[in-house]
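See structure below.
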Amino acid sequence: MTHLFRLKLLALAISSTLITACGDAETNIVEKDPIEVPDDGGDDHDHDHDDGYTIDSMGRLAVLAADSNEANIFDLDDDSLLETFSLTHESSSLNVSPSYRYAVIANRNQDYLGFIDGGLWREDHGEHLHDYKQGPAFSDYELTTGSRPTHIVKHDGQMAVFYDGNADAGTVASVEVLTDNDIANETATLAGIQYDINMHGVAEPRGEHLVATLRRADSESTSNAKILPDQVGVFHLHDGEYELEQTFEVTCPDLHGAAQNHDYVAFGCGDGVLIAHQHDDEYHAEKIANIDALGDTRIGTLYGHEGSESFIAIASGVFVSINPSEAEMEVLEWQLDEGASAVSYSFSASGEHFLVLDSLGFLNVLEAHEHDGHMHWELAGKVDITEEDVTTMPEGMNFSMTVSQNSEFAYVADPIAQHVLKVHIEDLEIEGDLELTFAPSAITWLGIAEESDDHDH
C-alpha cells in the first residue's frame, strides 16, 4: 500500500466524525414525514432534475451486523446512522428490491422474506418524476408461504424469488414475482409458478414473461445432480397467472446460474451456456459449448447488464466472457492473483465496468474494450482496500461490496477494520470511510437509481 494511500486514509479518519451504531430500535431518524412538492397547477411543461420534484442524494446503505441480529441504515450524504432494526431470524442474507427502495432480508431455513423501507423512492407522475424522502421503516409485509427461498433475481423493475422446496418436508419448488409497488401496497397474492417437484432452480423475470428452469423426472434428466434442472421454459403472464408456453429443446444439464441483458437470457450448464433470444413473444435457444480452457469445470455463475453486450461467467474461479450475438466464449486475459478467491462481484451502474472483490483485500476493476470488432474485458486497475492482516479475518466472514445505482461508486465493507470504504470506480481511488462499531457481514445500496432509457422486450 502506497504512502499516499496511507496519508489519505489517515486524513479521512481524522476529518470524519465517528459514527456510533445503536442497538436500540428506537433510534431517532432524520425525518419522519415524506417530503412532497405540491403541484403548481395545470401547466403542461417538462420538469428537469432542478424542478423541485427530484431529490439529490447519494442514497443510503443497509449494513448487517455480524455480532448481533441487527440491520443498520446509514445516510450516505452525511454518513449518519438513521436507524437500527432487530431482525426476526438469525443468519439472514441481504438483498435489495428491484427499484432499490427496500432492503430484502431473506432466511432460507425459516422460509422467510422481510423488507426494510430505506426511505428514498421515485414515482412517475406522468408530466414529471416525483421523489420522496422519509426515515427508514421495517415493513409489515412478509413472504412466508414458499419453501426455501434461494435465488433472488432482479431485472427491469421486477424481482423473481425462486423457492427450492424441500424433498424431506414434501414441499415443492415455486416462484413469486413482485415489484416495489407490491411491497409498498402489501400485495396479498403475487403472480408466480407452482411446480410439482422440488429443484435448485432459478427464474429470470422479463416483462410479461418469466424464463424459468424445469426439472424432469430423474430417469429423463441429463443432470448428474438430479436436484439441478436440465431444461428451461418460457412462462407468459395471463390474468395474473404464469402459464408455460414454450419449452426449449436444447438441454442444460446441471443448470446453475442465470443472467440477462437487453437482448438475451443466459443459463449456466455443465457443458456450456444456454442462450435464449427473444423475438416478439417467441424465444429461440442455442448452446454455446464450453471451450477447452475450462476442462471439466462448469459455469455456475453468470452476470449480465442491460448496457453490456457480453456476459461475465465464472467456472471454478476461472473468468470467461460470453458474447451471445457471436456465440463465442473466451477466457479473460485477467485472472485472480494466486491465493486469492472472489468474494463479491458486480457490474457498475452504467455497465461499463465489472468489479471483482477478492479475499486478499483487492477490488479488481475490469472494463470492456473493442478490438478487431470484438469486445474484450481488461483490467483497468485494482484498489487495495485494507491495511489489515487478511489472515485475521473473523471465521466465516469476508469482505463484501455493493454498488451505487446513481453514481460511479462502490462501497466495500471490511469486517477486520470495521468500516466501509467509498471507492470511485473510474478513478480507482478511495474517497470516503464510514466507521462502524461492529463487524459488517453484508451491505447493500438503497436509493433512487439514475434514470436510463427504457428498453422494449
Side-chain angles (χ1 to χ4, degrees), residues 1-23 27 58-84 91-94 103 336-337 339-346 355-365 381-404 407-425 427-446:
M1 189 175 295
T2 65
H3 293 294
L4 177 60
F5 173 84
R6 295 177 187 273
L7 291 172
K8 184 172 184 179
L9 199 59
L10 180 60
L12 284 167
I14 294 173
S15 62
S16 61
T17 303
L18 181 65
I19 297 172
T20 305
C22 176
T27 304
M58 291 293 293
R60 292 172 176 176
L61 197 67
V63 186
L64 296 189
D67 56 357
S68 64
N69 195 32
E70 293 177 342
N72 303 270
I73 309 296
F74 293 91
D75 189 330
L76 291 173
D77 294 323
D78 60 10
D79 289 349
S80 62
L81 175 64
L82 299 181
E83 184 67 280
T84 297
S91 302
S92 295
S93 63
L94 181 64
L336 286 168
D337 292 336
S341 59
V343 297
S344 185
Y345 318 85
S346 180
L355 283 61
V356 182
L357 180 63
D358 69 39
S359 58
L360 298 183
F362 289 93
L363 179 61
N364 303 272
V365 179
K382 57 173 58 180
V383 181
D384 188 351
I385 57 90
T386 187
E387 292 183 319
E388 307 296 327
D389 180 356
V390 295
T391 64
T392 64
M393 178 69 69
E395 184 177 358
M397 298 189 67
N398 261 314
F399 303 109
S400 55
M401 171 182 64
T402 188
V403 172
S404 168
S407 65
E408 289 297 303
F409 284 103
Y411 295 89
V412 181
D414 183 345
I416 308 173
Q418 297 190 2
H419 65 188
V420 177
L421 296 180
K422 175 183 176 183
V423 182
H424 195 282
I425 297 171
D427 295 342
L428 301 173
E429 292 184 355
I430 295 173
E431 296 190 4
D433 186 355
L434 171 61
E435 295 290 342
L436 306 173
T437 59
F438 57 87
S441 61
I443 59 174
T444 194
W445 183 90
L446 307 171

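Counting begins at 1 with the first residue of the sequence.
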From [X] [atom1] over to [Y] [atom2], what is the distance, rounded to the nearest 0.5 angstrom?
X: E83; Y: D75; atom1: CD; atom2: CG; answer: 13.0 Å
X: L421; Y: T386; atom1: CG; atom2: OG1; answer: 8.0 Å
X: L363; Y: L357; atom1: CG; atom2: CG; answer: 6.0 Å
X: S80; Y: R60; atom1: OG; atom2: CZ; answer: 8.5 Å
X: N398; Y: S441; atom1: CG; atom2: OG; answer: 11.5 Å
X: L428; Y: N364; atom1: CG; atom2: CG; answer: 10.5 Å

If you take all heavy atoms of [X] and [Y], which pair is closest and at what distance?
X: I73; Y: A62; value: CD1-CB, 3.7 Å
X: Q418; Y: P440; value: CA-CD, 4.2 Å
X: G339; Y: L360; value: O-CD2, 4.0 Å
X: L355; Y: A410; value: CD2-CB, 3.6 Å
X: A103; Y: L94; value: CB-CD1, 4.0 Å
X: V390; Y: G361; value: CG1-N, 4.5 Å

I would like to know whether F438 and N72 meet side-chain contact (heavy atoms from CB on, under 4.5 Å); could you show each step before the answer?
CA-CA 10 Å; F438 57 87; N72 303 270; 3.3 Å; yes
Of all residues at least two apart in sequence or in a different chain, which pass the side-chain contact (heavy atoms from CB on, under 4.5 Å) check with A71?
L64, L87, I116
Would you please name every residue forming a side-chain contact (heavy atoms from CB on, under 4.5 Å) with D337, sequence neighbours left out?
K382
Are S400 and S344 close enough that a side-chain donor and a side-chain acceptor fall under 3.5 Å?
no
Side-chain contact, heavy-atom cut-off 4.5 Å: [X] with [Y]?
X: Y411; Y: L434; value: no
X: F409; Y: E431; value: yes
X: P415; Y: F399; value: yes

Output yes when a side-chain donor or acceptor of [X] lies under 3.5 Å from a complementary backbone atom of [Y], and no otherwise.
X: S359; Y: S341; answer: yes
X: S68; Y: A65; answer: no
X: W445; Y: M58; answer: yes
X: D414; Y: H419; answer: no

Looking at L81, T402, I443, T444, which one forms a side-chain contact (heavy atoms from CB on, under 4.5 Å) with V63?
I443
